[in-house]
Structure formats: structure tokens, C-alpha cells
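Heads up: the structure comes next, in C-alpha cells.
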Amino acid sequence: MVHKLLGGAALAVAVLMSGSAMAEKRTLVFNTDTSDPAPKAAMEELITLFEAENPDIDVVVNMFDHEGYKTAIRNFLTADAPDLANWYAGNRMAPFVKAGQFTDVSDVWAENGLADKLSSSLASMTIDGKQWGVPYTYYQWGIYYNKDAYKQAGVDVPKTWDEFIANCAKFKAAGIDCVTTGSKALWPIAGIFDYLNLRTNGYEFHMQLTAGEVPWTDDRVKATFAEWEKLVGPGYMTANHAAIDWQDAAALLVQGKAANYVMGNFAVAVFKDGGMTNDSLGFMVFPEISAGVPRAEEAPTDTIHIPAGAKNVTDAKKFLAFVARADVQTALNKTLGQLPVNKGSAVNADDPFLTAGFETVSSAAGLAQFFDRDAPAEMAKAGMEGFQEFTIKPDRRDAILDRLEKMRQRIYK
């Protein structure tokens, strides 16, 4: 059978031409933005596996590009809903849940034991005590570091933030940037803020903040910035980070001019293209700040949902149960080069960064989706501009937080 990557008109023609063979099958319509080469190949493989196990179901895929999909999903959920749709976990799915446009799939979770198997994503898939989709892939963030720079400065990998900051003084004395980033495009700086807030105040607070439920002038937010000031006040970050891209900062880590980089696992390929190997590149979880705060991680998560207007809910739920399986997620993520959410899945044992990432996120108490996914676009931009400004002029903290609070009051009305 030829897989259909069709728009509406082409689909209608295909249905008319397919005759009785098509009539014998139930149709499952799946709208997705997995249009890049690896995600597209992984999705085609997923559908091939599903149809092989369910020969009475024909999956019809409507493929969108990423940017177009952001607008399209708002239209098709209202006007012509498919049976399945790709989206993202956490606050990104909340507007559709609150608008009644995603179906409650708590029964799929309960019947398949997913609260345990997908435990790391349970919090980010739950709203009002119910689950609204199934996660199938994510990738970890954390701190990538140059082992040679650590040797040069004579320091060990830290377990706590206090140890990390103590190391920074030694890196500076050795002429090495303790932390590098390239915030010209803004988003890399958000990873640092997210981790500082997650480690200072915890997952629930972080989600409340990005959902607009907490004032930016709250003392707990100020506590996060006080921890950040320990890094920026003494000049432990790359000084010109606002003028460089994230790849430029990666080059500083490769060259040993910087010791640590808060970044996602996709950067490993860039580090290695620059000449680093498993012997010189290391990975660590972001260290503890507030003792006793459960360890949450930054792990942007791709999900599949059943729109409220789906016509074939029964088979859609069967598909969700299928994509949640450990063996299916192992195969899917091997093609994606990312991490399976099911903790019973396997990852490439030869890749120490995927192995470390899988262990890190599988055991996390909660998963943030990254600031520019968890907050509305306008708030995310303003927040990231504020983070960048703070790292250059930390004395402007209160003015920045006052400005962000005014934005919050306007944006989240």
C-alpha cells in the first residue's frame, strides 16, 4: 500500500479511485508537521508498523510545514478536525484543552499503565487531573562541558550550585569563561533562566509563572535572579554573548575558551563537528540549588492528540496506545535520533549523551517544555529580552521584573 501524504482535494480523489478495497478499511486521518527528513521518515515508519498490526485501518497523513502548521491547527480543530494531530506538551497544549478542542484520553493512560511507563511526562500531559494526549519523543537539556578545561582549572564536576559557582572563580582565574552562551537569537538564554527557576522554586512554580499565574515581582522570582547574579555579577559568563549565535558559543566550548554550556542535546553534533570526542565532551544535569526541590528537567516533548471533532475516536485511541509502547518508541526514536518517553524503551548504548539524557529525563519529577514553548509568544520574547538585559546589566533586575510584570498583566488578560 502506498502511504498518502495528501491534502484534502487529493484525498477525496484517492478515496473515489480506491474502490471496494478502501471501503473495507476504516480511515484514520492524521495531521502532522513532521516534515523534516528524520521526523518524516520516523512517522512513515510508525504508520507502516501500525498498519501492519492493524490491516483493517488505513492511516491518511496530511503533512504541513512547521510554520504553516501553527496557523493550520487553529483552523482545522475548529472547522475540519482530523482523528489525530501532532502538538506539544505542557502549557502549549493548555489553550486547546481549555477551549475543548482536545479529547480527554485518560482512559488510554489507565488501560495501558502509562502513568508509570510515561511517568516523566505525566505532569506535562495532565490538566485538571486528566491526560490529553500521548508523548512519543523528547530530547534533554543540561550542561555540556569541556573535560580538558576542567582539568586545566583543576576542578571536579559539581553536584550543587554552590560548588558550580566556586568552580567558576577557578575557571576565571585560568582565563576560561565558566558559562558560555550565544543569545543573539535570544532563546539560548532562556535555557539558563528555566533551570535556575526550576532548581530554585520547582516545577509547579515554574509552570505557574509561564502560565501567567504568578507576578514577575514575586519574591520567589527575585530569588531565582539572585542565584543568577552569582554567575553574572563576577563576570563568569561570556561577555559578548548578546552579539553571537549559539554556534559561535559552541566554538568557544570546543576551543576550551569556555567550560560549560547550558544547551540541548542537538548541539552534540556541532561540538563533535568542531573536533570534540567522548573523551573531551561531558554532560551533567544542572546542579541542585534549593535542597529538597524535586529535580525537574528541560525536555521539549512532541505529542499526539485526538481532536474533539475526530470522527474515528476508537481507532485514534488504538493508535495512541500503539505509539506509547516501549518497542514502538524505541524504533521511532532510533530514526529520530532522540529519546523515547517510555522508560521501558532502549536507546543507542554507544551514544553516552543519549544514554545520560534518557536516564536524566526518565527519572525527572517534571518536564518543562522550554520558556518559548511554555509562555505565550509575546511574553516569551519580552522575557528573553529581559533575561539577556539582566546578564549584561544585573543592577537593572527590579526594573526588568517590573516591566515583565506589566507585560504579564496585559498579555494574560
Side-chain angles (χ1 to χ4, degrees), residues 28 30 32 34 38-55 57 59 61 84-90 93 105-126 130-142 264-266 283 285 295-306 314-367 369:
L28 198 56
F30 187 2
T32 176
T34 52
K40 185 177 180 181
M43 199 55 63
E44 289 174 348
E45 180 182 6
L46 173 68
I47 291 164
T48 298
L49 292 170
F50 178 77
E51 289 183 338
E53 286 191 19
N54 300 275
I57 301 174
V59 182
V61 177
L84 298 161
N86 268 115
W87 198 238
Y88 308 103
M93 75 175 185
V105 294
S106 303
D107 55 340
V108 176
W109 281 69
E111 290 165 13
N112 295 278
L114 301 186
D116 176 53
K117 296 171 184 174
L118 309 179
S119 57
S120 61
S121 284
L122 177 61
S124 62
M125 297 305 301
T126 301
K130 300 172 183 175
Q131 289 73 53
W132 301 92
V134 164
Y136 64 92
T137 186
Y138 49 23
Y139 63 89
Q140 86 275 14
W141 274 64
N265 192 61
F266 56 84
F283 172 81
V285 298
R295 179 179 57 79
E297 294 296 332
E298 193 100 289
T301 306
D302 291 349
T303 54
I304 300 175
H305 305 263
I306 301 176
T314 300
D315 288 335
K317 287 185 175 181
K318 186 178 287 188
F319 189 92
L320 290 189
F322 178 82
V323 81
R325 275 175 21 194
D327 59 327
V328 173
Q329 292 207 357
T330 295
L332 184 61
N333 282 279
K334 183 178 181 182
T335 302
L336 283 171
Q338 294 191 166
L339 298 173
V341 182
N342 191 311
K343 65 185 182 184
S345 298
V347 295
N348 181 1
D350 295 330
D351 186 329
F353 303 103
L354 280 181
T355 303
F358 187 58
E359 183 180 336
T360 299
V361 295
S362 295
S363 57
L367 298 178
Q369 297 304 300

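Note that the structure is a prediction, hence the values are computed from the model and not measured.
- Within the 4.5 Å cutoff, side-chain heavy atoms of Phe319 are placed close to those of Ile304.
- Put simply, the side chain of Lys117 never gets that close to the backbone of Ala324: no donor and acceptor are under 3.5 Å apart.
- When atom types are taken as modelled, the side chain of Thr32 and the backbone of Phe30 share no donor-acceptor pair closer than 3.5 angstrom.
- At least one donor-acceptor pair under 3.5 Å links the side chain of Gln329 to the backbone N or O of Val341.
- Between Leu46 and Phe322, the closest side-chain pair of non-hydrogen atoms falls below 4.5 Å.
- At least one donor-acceptor pair closer than 3.5 Å links the side chain of Glu51 to the backbone N or O of Val59.
- Val323 approaches Val328 most closely through the heavy-atom pair CA-CG1, 4.1 Å.
- No donor-acceptor distance shorter than 3.5 angstrom exists from the side chain of Trp132 to the backbone of Ser106, with no hydrogens or angles considered.
- With sequence neighbours left out, Glu45 forms a side chain to side chain contact (heavy atoms under 4.5 Å, CB included) with Leu49, Ala331, Thr335.
- Scanning for side chain to side chain contact (heavy atoms under 4.5 Å, CB included) contacts around Thr137 gives Asp302, Asn333, Leu336, Gln338, with sequence neighbours left out.
- Across all non-hydrogen atoms, the minimal contact from Ala316 to Leu28 is N-CD1, 3.6 Å.
- Side chain of Thr303 to backbone of Pro135: no donor-acceptor contact under 3.5 angstrom is found.
- Side-chain contact check for Leu122 versus Gln131: some heavy-atom pair is nearer than 4.5 Å.
- A 4.5 Å side-chain heavy-atom check between Asn86 and Tyr136 finds at least one atom pair inside the cut-off.
- Nearest approach of Met93 to Thr126, heavy atoms of both residues: CE-N, 4.0 Å.
- Looking only at side-chain heavy atoms (C-beta outward), Val61 and Met43 stay at 4.5 Å or farther from each other.
- Within a 6.0 Å radius of NZ in Lys343, more than 12 heavy atoms belonging to other residues, nucleotides or ligands are found.
- The closest side-chain heavy-atom distance from Val134 to Met125 is not below 4.5 Å.
- Between the Asp351 side chain and the Leu354 main chain, a donor and an acceptor come within less than 3.5 Å of each other.
- A donor-acceptor pair under 3.5 Å is formed between the side chain of Ser124 and the backbone N or O of Ser121.
- A 4.5 Å side-chain heavy-atom check between Tyr138 and Gln369 finds every atom pair outside the cut-off.
- A donor-acceptor pair is defined here as one N or O able to donate and one able to accept, closer than 3.5 Å; such a pair exists between the side chain of Asn342 and the backbone of Gly344.
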